[in-house]
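A note on names: the letters A, B, ... follow the listed sequences, proteins ahead of strands, and every chain is numbered from 1.
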There are 4 protein chains.
Amino acid sequence: MAYRETERTQEKMARKKRDIIKAAREIFAEKGYQGTSMKALAQKAKIATGTVYLYFSNKEVLMSSIVDEMFRELLTIIKNEREKYCDGFDKLQASMDACFRVFMKEKTMARIFLVQVPGVNSTFQKKLHQIENELVLWTQKDLEELKAEGRLPEKDTLVSALAFVGSFRQVLFHYLMEGEPQDLETAYIDLKKYNLRGLGHGHES
Amino acid sequence: MAYRETERTQEKMARKKRDIIKAAREIFAEKGYQGTSMKALAQKAKIATGTVYLYFSNKEVLMSSIVDEMFRELLTIIKNEREKYCDGFDKLQASMDACFRVFMKEKTMARIFLVQVPGVNSTFQKKLHQIENELVLWTQKDLEELKAEGRLPEKDTLVSALAFVGSFRQVLFHYLMEGEPQDLETAYIDLKKYNLRGLGHGHES
Amino acid sequence: MAYRETERTQEKMARKKRDIIKAAREIFAEKGYQGTSMKALAQKAKIATGTVYLYFSNKEVLMSSIVDEMFRELLTIIKNEREKYCDGFDKLQASMDACFRVFMKEKTMARIFLVQVPGVNSTFQKKLHQIENELVLWTQKDLEELKAEGRLPEKDTLVSALAFVGSFRQVLFHYLMEGEPQDLETAYIDLKKYNLRGLGHGHES
Amino acid sequence: MAYRETERTQEKMARKKRDIIKAAREIFAEKGYQGTSMKALAQKAKIATGTVYLYFSNKEVLMSSIVDEMFRELLTIIKNEREKYCDGFDKLQASMDACFRVFMKEKTMARIFLVQVPGVNSTFQKKLHQIENELVLWTQKDLEELKAEGRLPEKDTLVSALAFVGSFRQVLFHYLMEGEPQDLETAYIDLKKYNLRGLGHGHES
DNA sequence: GATGAATGAGCTTTCATTCAT
DNA sequence: CATGAATGAAAGCTCATTCAT
């Protein structure tokens with residue numbers, strides 16, 4: 001009985017935590033981290049100010065939770081997608097496809113990642129950079145594999161990986177800010193072509 | 001006489017403004033916008049707190065001035081470099097070269113552009129975006145020209161331009177955060193090759 | 001039947017009240033009144049936060065109950081001891097002996113009385129003072145008796161009584177704070193001698 | 001010129017600091033440390049809340065300054081008085097006289113020392129205890145001297161010193177709380193007699 | 001009765017901005 | 001013109017108290 005109670009309680013608590021994170025994501029995406037007061041955040045979540053502190057010990061921890069959660073979400077999806085492929089170029093494309101789809105589906109996440117959090121606080125700065133780095137590293141690993149197979153002309157895989165990720169980042173960011181390019185799907189295909197050519201993939205076949 | 005006086009006064013005022021902006025650039029690059037109090041800023045500029053307000057009506061205006069100034073600096077240099085060339089690819093390269101050199105020479109500017117300001121405040125957000133956009137637009141214009149000459153296979157020049165700028169941005173940002181790639185000059189050359197290939201330039205010759 | 005029920009209920013309630021007071025005494029003695037949150041207090045008593053409020057309408061009332069209880073305990077013990085003696089000096093000594101023993105046995109009480117509560121809140125301030133006053137008054141009454149018997153040279157019994165009580169208070173307080181004098185039993189005997197001499201008792205025999 | 005300016009400025013600042021301390025002393029004496037909000041304190045000093053923080057980095061530092069200041073005041077006066085005498089008993093009396101007069105003249109100080117600060121915060125608790133200890137130590141030193149001269153029967157000078165100081169403390173405290181004994185001067189004389197007898201001084205002559 | 005999550009008033013502290021000197 | 005002390009709104013956070021379960 002007591003066990004059930006605890007189980008239900010924990011479930012409830014987890015749900016509340018998610019509710020708060022959801023509200024926080026939205027308002028942070030809209031107003032930014034510094035631009036959001038804990039009072040406003042609580043109002044968005046339709047709870048009292050103090051209640052937030054029952055679930056997150058302070059504002060920074062809340063934000064960190066959000067970033068960590070997004071990190072996990074993103075990497076899990078990408079990992080799952082990658083596992084479906086063996087070929088280096090396919091894995092590379094799968095990663096980008098997954099990443100793209102996640103950001104398109106959850107614009108809130110994209111806004112926080114690309115627009116709101118950078119520059120606010122060195123803690124988050126580093127965290128975000130770490131996430132971006134993770135993507136770069138995966139890309140670089142794929143490129144190294146391809147290079148080992150003699151399928152890439154380029155020597156410095158770091159530069160290529162950064163260029164690869166950076167170009168996607170820029171298109172996404174531009175889209176979030178301007179709503180352009182309108183047909184993101186087509187743009188995305190062009191972008192892939194651009195990068196594959198950049199990597200020297202065109203010469204392969 | 002009165003005229004001369006005003007002229008001299010304005011000149012003096014402009015000089016003081018520049019002094020403040022210089023100090024502000026440095027301290028903002030180091031501590032960030034939110035992390036810098038007006039008092040600390042004034043101390044850095046070796047003036048009294050209130051004096052800042054004689055030249056800039058508030059903190060935001062000061063920051064805007066900095067961004068605007070950097071904007072002008074950057075675009076002037078790029079423009080000058082571009083004028084030396086006629087060929088589309090040359091102009092494109094000249095732009096990037098100039099841009100790269102400016103950021104390398106003035107890391108303060110780079111830090112403010114890429115690291116400190118984003119995400120802090122929607123006003124600056126927009127301003128920065130506008131600058132990035134300017135670079136993208138010029139790039140796009142160059143690409144359009146090249147396309148008109150039949151030297152580019154790609155249709156959507158916006159995507160290419162974004163990819164182009166984004167890849168540079170990413171390498172620079174990574175360098176600022178991690179100090180990698182250590183040999184930025186070589187990396188830059190590789191990066192240019194990557195993008196030229198991406199644009200389909202390799203097929204031309 | 002109903003009567004029995006109520007009786008049992010009241011008994012139960014009284015027991016619970018005592019449990020809470022016991023926990024509160026300990027934690028207040030350790031962390032102080034202001035330093036103890038109702039949540040921490042409830043945890044110490046192994047009940048829910050809200051439950052405390054079923055027995056005490058608020059924090060202040062709880063603290064008052066503690067002080068009152070300590071008051072009753074102390075005075076009851078002293079009264080019992082005093083009844084064993086007839087002679088004024090004997091009664092005086094009996095009072096002090098009892099008081100001393102109670103504080104030594106229940107350091108918690110001593111800490112609350114002498115260290116934690118004073119200065120926190122004027123309500124308790126007054127209550128504590130009232131308790132101290134009670135001791136002073138009894139002492140004074142004894143002294144008055146002795147004076148009436150011509151066994152005391154001093155006229156102002158209030159001053160003597162205050163000096164008497166104050167000297168004990170100081171030794172106890174010092175002991176609680178510093179652990180000195182180490183041999184409290186001997187110190188106590190010296191202290192009694194000091195005060196008896198102070199009262200002019202030495203001249204009697 | 002600049003020197004003068006700084007001198008005047010420092011003087012002004014010192015004056016303001018004193019003003020704030022004065023207001024703080026009064027309101028702390030009245031409402032206690034915890035019972036006083038920084039806002040209320042600022043209002044009492046007729047300045048804005050933030051202004052307090054120009055002079056004291058936080059509430060605790062302000063309170064510490066007050067306690068330290070009172071400490072210095074008290075000890076300076078006592079020291080000066082003691083220097084006028086050579087004989088142990090005279091020095092002892094001089095100390096007490098001085099202490100008594102200070103507290104009588106500055107009831108605010110007495111209230112903070114004896115009534116408001118104890119129990120509030122272990123930092124102040126310790127500081128106050130240290131002050132009381134200082135008095136006890138001086139007393140003890142005097143007693144040791146007298147003992148060495150064979151003028152004191154008692155062996156444990158710590159107990160005597162504590163009794164001595166404690167009896168004065170109690171009378172003062174009672175007076176502050178109750179306004180009794182009304183004729184404090186006479187009471188004080190009786191108190192001295194009580195303690196001199198307690199020390200065994202009566203037997204000397 | 002018992003619970004403990006929820007509340008929100010109130011705290012200390014910061015800092016952009018003002019203005020008397 | 002320049003100063004920097006003064007301002008006070010607003011922030012993050014705590015915790016005594018309440019109340020739906």
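- When all heavy atoms are compared, the tightest approach of Ile66(D) to Ala24(D) is CD1-CB, 3.5 Å.
- Summary of the strand contacts: Leu54(D) and Lys59(A) both lie near DNA chain F, and taking for each the nucleotide with the nearest heavy atom, the more 5' one is attributed to Leu54(D).
- Residues Lys16(A) and Ile47(A) approach most closely at CE-CG2, 4.0 Å, considering heavy atoms.
- Stacking of Lys17(B) on the aromatic ring of Phe56(B) is recorded, both the 6.0 Å distance cut-off and the 45° axial limit being met.
- For the pair Leu62(D) CG and dT12(E) P, the interatomic distance rounds to 11 Å; values are reported in whole Å.
- Under the Watson-Crick or G-U wobble criterion, with both distances below 3.5 Å, dA20(F) is paired with dT3(E).
- Nearest to the side-chain atoms of Tyr55(B) among the listed nucleotides dT17(E), dA2(F), dG1(E) stands dA2(F).
- Between the CD atom of Gln34(D) and the P atom of dC15(F) there is a distance of 11 Å, rounded to whole Å.
- Between the P atom of dA9(F) and the OH atom of Tyr53(D) lies a distance of 16 Å, rounded to the nearest Å.
- In terms of position along DNA chain E, the nucleotide closest to Ser57(D) lies nearer the 5' end than the nucleotide closest to the other residue of the pair Ser57(D) and Asn58(B).
- Contacts of Met38(B) with the nucleic acid, taken as non-hydrogen atoms under 4.0 Å apart, include base atoms.
- To the nearest angstrom, P of dT14(E) lies 18 Å from NZ of Lys39(D).
- In this structure, Phe56(C) reaches neither bases nor backbone, as no heavy-atom distance under 4.0 Å exists between it and the strands shown.
- By the 6.0 Å contact criterion, NZ on Lys44(D) is enclosed, its count of non-hydrogen atoms from other residues, nucleotides or ligands being greater than 12.
- When heavy atoms are screened at a 4.0 angstrom cut-off, Thr36(D) is found touching the sugar-phosphate backbone but no base atom.
- Nucleotides of DNA chain F nearest to Ser37(A) and Ala48(B) differ in position, and the one nearer the 5' end is that of Ala48(B).
- Out of dA5(F), dT3(F), dG1(E), the shortest distance to the side chain of Thr51(B) is found at dT3(F).
- Atom C1' of nucleotide dA5(F) and atom CD1 of Ile20(D) are separated by 11 Å, given to the nearest angstrom.
- Contacts of Lys16(C) with the nucleic acid, taken as non-hydrogen atoms under 4.0 Å apart, involve only primed sugar atoms and P, OP1 or OP2.
- Computed from coordinates, the Gln43(B) CD to dC15(E) P distance equals 13 Å when rounded to whole Å.
- Between the NZ atom of Lys12(C) and the P atom of dA2(E) there is a distance of 8 Å, rounded to whole Å.
- In this structure, Leu41(A) atom CG and dA10(F) atom P are separated by 18 Å, rounded to whole Å.
- Between Phe28(B) and the choices Phe124(B), Phe113(B), Tyr33(B), the ring pair (Phe, Tyr, Trp, His ring centres under 6.0 Å) rule is met once, by Tyr33(B).
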